[in-house]
Amino acid sequence: MTLAFTPPTTAPPTPPEGPDVAVFERYESHVRSYCRKFPVVFERAKGARLYAEDGRVFTDFFCGAGSLNYGHNPGPIKERIADYLASDGMMHGLDMYTVAKRSFLVALTEHILRPRGLEYTAQFSGPTGADAVEAALKLARKATGRRGIFAFSGGYHGMTRGSLAVTGNGRARRAGGVHGQDEVTFIPYEDGPQGPFDSVAFIERLLADSSSGVEVPAAVIVEALQMEGGVYQASADWLRRLRVVTERHGILLICDEIQSGCGRTGTFFAFEESGIVPDIVTVSKSISGYGLPLALTLFRPGLDVWEPGEHTGTFRGNQLAFVAATAAAELWSDPDFLDRLPVPARRLAEFGAELVAAEPEIVIRGRGMVLGIDLGRKGGGKRAEEVQRYAFDHGLIVELSGRDDEVIKVLPPLTVTPEELDHGIGVLRAALLSSCPPPNRSTQEEAPCLRPNAAI
């Protein structure tokens, strides 16, 4: 069904004089970011809805940067947490044996790994995705005895020193004091703003040439779907070719599933579509199912070369997150949950196709419940910022990504209702229309942009 693309008929609700943010302004660092884009004080949340203390209600297409794939306060997980708290369950356990951790390891194996033919040892590396990446890099170097790492342009793996070394974002690297290559060789990704590139053939050429100046690395780290880089997806064939090359040269393949995993792409892992089996997988964000900090480094049992205590962390055993993650893992054996997954994903894909039909200059990328709306690097960042601001003013939270923040990254919950999805899509339509530049009066040419009479 096509919908008429019309501008909104009502003005956004008038906010009060301004949120009470004096405490944040006085005591919190200037480094804060998202509160500047979404200047409101949030009070509670449920499903895909955020409720501000001034009474405004927002639809959340950001979902904690992919940490809330099941929405805010999902009932089945919330109940499990409440029961655990009421029973005085252990809350902090380092890496000690606990009932909560045992239950999660069993659920992870039975509901996630075994049905996919995967056998991994789990390391609880710390509370964040960056911790999982740090552990993966450290393990790869220890297991192979080699130092080098191949990473991809556009990749994002975290803000700690080691994870920044394999992250391409220049601004983040400069802020972290990461200069030069630090034993990391960056390879162009299969796709990016400069167009397609046969990066696997390039890797093969580097490794085949004894005078390339590049040694065989310990590992290659890759995102099957680059999220922060601008929603660029690796093809299944490309991933399979990469797996062949890494196996031929004894290089460990690390798949970073921190933001693209836990069902965001329609399958639990983004790499599943290709049929490959990575040596190491990093998982975080939505693995707990509730926004509670938890990160895992999964690896082939034969790679478990750690000595006891060689890689530690005070909060690597988040017991409450284990409880939530157990309930979230069980959802992946629930037929009703699995049957509902493709429905909102199809609608999101339809919306992307409608946008391209109405404004061919827009480039749409994504898979499952992630949609990237690329407005182009020439002025696209400014327009994307306007879309984001308009969306917020009209009750929608959405994030930007890409080299110049020119890509609108749409991440509704996997459990979003049809009404919530339709509301968010409607706001995005209107936001894109409102951000259209005026026609070029000197040439009388229409700007290549959505127009009110565009039927989508």
Side-chain angles (χ1 to χ4, degrees), residues 33-34 37 61-67 129 133 151-159 163-164 166-175 186-199 221-236 238-239 242 255-261 264-266 270-271 273 285 345 348-349 351-353 355-356 359-389 391 397-412 428 431-432 435:
S33 172
Y34 291 119
K37 299 178 180 180
F61 277 13
F62 178 35
C63 288
S67 297
V133 171
F152 291 94
S153 54
Y156 178 83
H157 302 287
M159 287 289 200
S163 60
L164 267 179
V166 292
T167 290
N169 186 286
R171 181 168 181 253
R173 289 169 65 86
R174 288 189 297 272
F186 279 93
I187 310 292
Y189 196 62
E190 183 187 19
D191 194 11
Q194 308 303 320
F197 184 82
D198 193 348
S199 39
I221 185 166
V222 65
E223 297 163 280
L225 177 62
Q226 288 190 344
M227 302 286 273
E228 297 302 311
V231 191
Y232 287 98
Q233 179 174 334
S235 67
W238 184 86
L239 285 172
L242 181 63
C255 278
D256 184 334
E257 293 276 337
I258 291 164
Q259 190 168 158
S260 62
R264 176 53 62 182
T265 61
F271 66 75
E273 181 186 42
K285 289 191 182 288
L348 202 60
F351 172 56
L355 287 178
V356 172
E359 186 179 337
E361 287 74 14
I362 285 179
V363 176
I364 296 295
R365 294 185 296 273
R367 178 178 152 209
M369 288 299 283
V370 52
L371 185 74
I373 305 172
D374 191 336
L375 301 181
R377 298 193 69 191
K378 188 177 180 180
K382 181 177 183 299
R383 186 180 174 199
E385 184 181 6
E386 292 172 356
V387 168
Q388 184 185 53
R389 186 181 307 114
I397 303 294
V398 69
E399 175 59 321
L400 309 180
S401 66
R403 271 61 167 183
D404 300 312
D405 280 346
E406 75 279 8
V407 180
I408 303 164
K409 186 172 65 175
V410 184
L411 301 176
L428 277 174
L432 286 162
S435 68

Asks: Measure across V166 and A151 and return the closest heavy-atom pair with its distance rounded to 0.1 Å.
Replies: O-CB, 3.6 Å
Asks: Please name all residues satisfying side-chain hydrogen bond (donor to acceptor under 3.5 Å, both in side chains) with Q259, sequence neighbours left out, ordered by chain then number.
Replies: E228, K409
Asks: State, yes or no, whether a side-chain contact exists between I187 and S153 at a heavy-atom distance under 4.5 Å.
Replies: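 Not touching, per the 4.5 Å side-chain cut-off.
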Asks: Report the residues that fulfil side-chain hydrogen bond (donor to acceptor under 3.5 Å, both in side chains) with E399, sequence neighbours left out, ordered by chain and then residue number.
Replies: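 side-chain hydrogen bond (donor to acceptor under 3.5 Å, both in side chains) list for E399, sorted by chain: Y34, K37, Q388.
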Asks: Under the ring-ring contact (aromatic ring centres under 6.0 Å, His included) rule, collect the residues that match up with F61, sequence neighbours excluded.
Replies: none
Asks: Determine whether E359 and R383 satisfy the following criterion, salt bridge (Lys or Arg N to Asp or Glu O under 4.0 Å), listing intermediate values before the conclusion.
Replies: CA-CA 14 Å; E359 186 179 337; R383 186 180 174 199; 2.8 Å; yes
Asks: Quick one: list whatever passes side chain to side chain contact (heavy atoms under 4.5 Å, CB included) with T167, sequence neighbours left out.
Replies: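 Y156, H157, L164, N169.
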Asks: Of all residues at least two apart in sequence or in a different chain, which pass the salt bridge (Lys or Arg N to Asp or Glu O under 4.0 Å) check with R367?
Replies: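 Partners of R367 by the salt bridge (Lys or Arg N to Asp or Glu O under 4.0 Å) criterion, ordered by chain and then number, come out as E273.
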Asks: Between S163 and V133, which heavy-atom pair has the shortest distance, and what is it?
Replies: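 Taking every non-hydrogen atom into account, CB-CG1, 3.9 Å.
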Asks: If I take atom CZ from residue F152 and atom CD1 from residue I221, how far apart are they, to the nearest 0.5 angstrom?
Replies: 10.0 Å
Asks: At their closest point, which heavy atom of P188 faces which heavy atom of F197, and how far apart are they?
Replies: CB-CD2, 3.5 Å
Asks: So, do V387 and L428 sit near enough that their side-chain heavy atoms are less than 4.5 Å apart?
Replies: yes
Asks: For A384, give me all partners under side chain to side chain contact (heavy atoms under 4.5 Å, CB included), at least two apart in sequence or on another chain.
Replies: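 If we apply the side chain to side chain contact (heavy atoms under 4.5 Å, CB included) test to A384, skipping adjacent residues, the hits are L375, L400, I408.
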Asks: Minimum heavy-atom separation for D191 and P196, please, with both atom names.
Replies: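 That would be OD1-N, 3.8 Å.
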Asks: What's the shortest heavy-atom distance between S401 and V231, and which atoms?
Replies: OG-CG2, 4.2 Å
Asks: Holding to side-chain hydrogen bond (donor to acceptor under 3.5 Å, both in side chains), I want the full list of residues that pass it with D374, two or more places apart in sequence or in another chain.
Replies: R365
Asks: Looking only at atom types and distance, does a side-chain atom of Y189 sit under 3.5 Å from a main-chain N or O of E223, one as donor and one as acceptor?
Replies: yes
Asks: A side-chain contact here means heavy atoms from C-beta on lying under 4.5 Å apart; do K382 and E406 qualify?
Replies: no
Asks: Has the side chain of R403 got a donor or acceptor atom that lies under 3.5 Å from a matching backbone atom of G229?
Replies: yes
Asks: The criterion is side chain to side chain contact (heavy atoms under 4.5 Å, CB included); which residues satisfy it with A349, sequence neighbours excluded?
Replies: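 If we apply the side chain to side chain contact (heavy atoms under 4.5 Å, CB included) test to A349, skipping adjacent residues, there are no hits.
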Asks: Starting at CG of L432, measure out to CG of L355 and round the result to the nearest 0.5 Å.
Replies: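 That separation rounds to 6.0 Å.
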Asks: What residues, two or more places apart in sequence or in another chain, satisfy side-chain hydrogen bond (donor to acceptor under 3.5 Å, both in side chains) together with D404?
Replies: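 Expected list: R377.
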Asks: Can you sort out the partners of A391 under side chain to side chain contact (heavy atoms under 4.5 Å, CB included), two or more places apart, ordered by chain and number?
Replies: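 Partners of A391 under the side chain to side chain contact (heavy atoms under 4.5 Å, CB included) test: L396, V398, V427.
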Asks: Does any N or O in the side chain of E190 come within less than 3.5 Å of the main-chain N or O of W238, such that one atom is a donor and the other an acceptor?
Replies: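 Flag not set: sc E190 to bb W238 has no pair under 3.5 Å.
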Asks: Does some side-chain heavy atom of I373 sit less than 4.5 Å from a side-chain heavy atom of F351?
Replies: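 Sidechains of I373 and F351: in contact.
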Asks: Looking at CG of L225 and OG1 of T265, how far apart are the two atoms once the value is rounded to the nearest 0.5 Å?
Replies: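 One finds 7.0 Å between CG of L225 and OG1 of T265.
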Asks: Test side-chain contact (heavy atoms from CB on, under 4.5 Å) on V370 and S260 and set out the steps.
Replies: CA-CA 9 Å; V370 52; S260 62; over 6 Å; no
Asks: Does a side-chain heavy-atom distance below 4.5 Å link V222 with D256?
Replies: no
